Asker: 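The structure that follows is given in the form of structure tokens.
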Protein chains: 2
Amino acid sequence: MTEQSTITVSVVEDNDALREGWGVLLKGSPGFTCIGAYSSAEEALEKIPSNIPDVILMDINLPGISGVDCVKKLKKNLPAISIIMITVHEDSEQVFEALKAGANGYLVKRTPPAKILEAIDDVLKGGSPMSSQIARLVVQSFQNPPAINDETAALTTREQEILALLAKGFRYKEIGESLFISTETVRGHLRHIYEKLSVRSRTEAVLKYLGK
Amino acid sequence: MTEQSTITVSVVEDNDALREGWGVLLKGSPGFTCIGAYSSAEEALEKIPSNIPDVILMDINLPGISGVDCVKKLKKNLPAISIIMITVHEDSEQVFEALKAGANGYLVKRTPPAKILEAIDDVLKGGSPMSSQIARLVVQSFQNPPAINDETAALTTREQEILALLAKGFRYKEIGESLFISTETVRGHLRHIYEKLSVRSRTEAVLKYLGK
DNA sequence: AAGAAAACAGCACGTTCGTGTTATTGTATT
DNA sequence: AATACAATAACACGAACGTGCTGTTTTCTT
């Protein structure tokens, strides 16, 4: 069980002052302790498997193996471990790379100590703590890519509604039942949808809808 | 300029008690005020354009036009406005819909008043405040697609090949022609694929294949 | 008030798909 | 040698889908 009265944390950070600072913070905070402090990804990958913490605070900018790659490797062998990335950069590229690699949270370095402890608690409760500036980058990535479809934008509200259900795998009959309209009407709408999207089957329509 | 000493907020919420509660909270908090309180999306869409706030707090579950659609319509005409969704549900579907629609933040209803005020400040500073449970859903959506399916991994090489073509919208006949096998053989493979993936239609199979 | 667009609904016909059943051949695994 | 699985193929039947055609009602725009 990882559930204990004291939360164990390890730190991976090449800056000596920061690494030691966090160690002191964690050891000085009731309910937390630091069981490992590593100055490189290589060192962390070697020593963490035999000294597994509840949470890892990981700098994203490490010399040699990057923090992102370190996360990938750690998560591969220890998928249950929680990792919070800490960075000076609010570069969207790096954020997404880290999240895809399996990081559970993402904080900027100037996050105050109290917020860091809160984030550690949070991540163990299943949350994904992140600075709101980071969250913004993530949110933007939702608004840009999915807005690809100029074609689906030409659809009426009702047509989009029906396409959304179609994209969940529902049959015409089921779509009709969901929307309280007849199967024939669903067919009618789908006819228009297919025309507007220039497709010939439901699979093609769904692929366009999903931006694939 | 939207930058003023007092932040103006409007509320869209059908629950009378909650709507009035937020109004009282905002008016009673230094630096904030409530300039509009609407009980439906229809009312909000009609009145907000002539009484534009800095930030809108919007319930996602509204009768009639949904909060998500309301966001779409508002953002279309007032792209600069900041909108924070407030919901009881932590349903990933709705979260993504709202974020795609252009919502800037996402809080659960049980968020304490102080956090709501903090979120309003935050969103005006360019952040995207969201409960960490919500953030988790968002983060997972980054991790799922790349980490494909365990289920599709159980398919044989030939089956994966056929599924890939299926996911491009090809008909059985076309798949057969691509692979130089009969349509009947394609059907045979698809039969096994559907069994292994526990699906009942090509659309469902494609959705699983795409990790959706 | 007139016209256009959207939503609704029905019928018909042919195609595509999902599934039950059966069978041959080749390749591993044991 | 025996068993298991993958790949190939065929037949049949009903369900689901795509499309051509027609029609009414409501809603929005002009």
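So that the names make sense, note that chain A is the first sequence line, chain B the second, and so on, each numbered from 1. These figures come from a predicted structure and were not determined experimentally.
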Asker: Of all the nucleotides listed (C:dT19, C:dA7, C:dT16), which has the minimum atom distance to the side chain of B:R171?
Answerer: C:dT16
Asker: Measure the distance from NZ on B:K73 to P on D:dC28 and round it to the nearest whole Å.
Answerer: 10 Å
Asker: Report the distance from atom CZ of A:R200 to atom C1' of C:dG14, rounded to the nearest whole Å.
Answerer: 17 Å
Asker: Donor-acceptor pair, distance only, cut-off 3.5 Å: does the side chain of B:R187 make one with the backbone of B:Y172?
Answerer: no
Asker: Can you tell me the distance, in whole Å, between the CD1 atom of A:I193 and the P atom of C:dA6?
Answerer: 12 Å
Asker: Under 4.0 Å: is that the gap between some side-chain N or O of A:T156 and OP1 or OP2 of C:dA7?
Answerer: yes
Asker: Tell me whether the OP1 or OP2 atom of C:dG18 has a side-chain N or O from B:Y194 closer than 4.0 Å.
Answerer: yes
Asker: Base, sugar-phosphate, or nothing: which does B:S201 touch, judged by heavy atoms less than 4.0 Å apart?
Answerer: sugar-phosphate
Asker: From CG of A:L179 over to P of C:dA7, roughly how many Å is that when rounded to an integer?
Answerer: 11 Å
Asker: How bent is the helix from C:dA1-D:dT30 to C:dT30-D:dA1, comparing axes over its five end pairs at each side, to the nearest 10°?
Answerer: 60°
Asker: Using OP1 and OP2 only, check whether a side-chain N or O of B:R158 sits under 4.0 Å from D:dT8.
Answerer: yes
Asker: I'd like to check the side-chain contact (heavy atoms from CB on, under 4.5 Å) partners of A:N77; sequence neighbours left out, ordered by chain and number.
Answerer: none
Asker: Is any side-chain nitrogen or oxygen of B:R191 closer than 4.0 Å to OP1 or OP2 of C:dT19?
Answerer: no
Asker: Would you confirm whether A:Y209, through its side chain, and A:Q160, through its main-chain N or O, come within 3.5 Å as a donor-acceptor pair?
Answerer: no
Asker: Could you state the CD-P distance from B:E184 to D:dA7, rounded to the nearest angstrom?
Answerer: 17 Å
Asker: Taking the nucleotide of DNA chain D with the closest heavy atom to each, which residue, A:E195 or B:E159, is nearer the 5' end?
Answerer: B:E159
Asker: Send over the distance from B:R187 CZ to D:dA6 C1', rounded to a whole Å.
Answerer: 20 Å
Asker: Any donor-acceptor pair under 3.5 Å linking the side chain of B:E118 with the backbone of B:K115?
Answerer: no
Asker: Taking the side chain from A:N51 and the backbone from A:I35, do they hold a donor-acceptor pair closer than 3.5 Å?
Answerer: yes
Asker: Does C:dC17 have OP1 or OP2 sitting under 4.0 Å from an N or O in the side chain of B:R202?
Answerer: yes
Asker: Where each residue is assigned the nucleotide of DNA chain D containing its nearest heavy atom, which of B:F180 and A:F170 is assigned the position nearer the 5′ end?
Answerer: B:F180
Asker: Starting from C1' on D:dC17, measure out to CD1 on A:I175 and report it in whole angstrom.
Answerer: 11 Å
Asker: With respect to the side chain of A:I181, which nucleotide from C:dC8, D:dA9, C:dG18 is positioned closest?
Answerer: C:dC8
Asker: For the backbone of A:V108 and the side chain of A:S131, can you confirm whether one donor and one acceptor N or O come within less than 3.5 Å of each other?
Answerer: yes
Asker: Does D:dT8 have its OP1 or OP2 closer than 4.0 Å to a side-chain nitrogen or oxygen of B:T185?
Answerer: no
Asker: Taking NZ from A:K173 and P from C:dG10, how many angstroms apart are they, rounded to a whole number?
Answerer: 15 Å
Asker: With a cut-off of less than 4.0 Å, is there a side-chain N or O of B:S182 near OP1 or OP2 of D:dA10?
Answerer: yes
Asker: Does a salt bridge link A:K168 with B:E204, judged by any charged N lying under 4.0 Å from a carboxylate O?
Answerer: no
Asker: Of A:L124, A:T8, A:N104, which is the lone residue that meets side-chain contact (heavy atoms from CB on, under 4.5 Å) with A:V55?
Answerer: A:L124
Asker: Contact class for A:H189 vs. all strands (heavy atom < 4.0 Å): base, sugar-phosphate, or nothing?
Answerer: sugar-phosphate
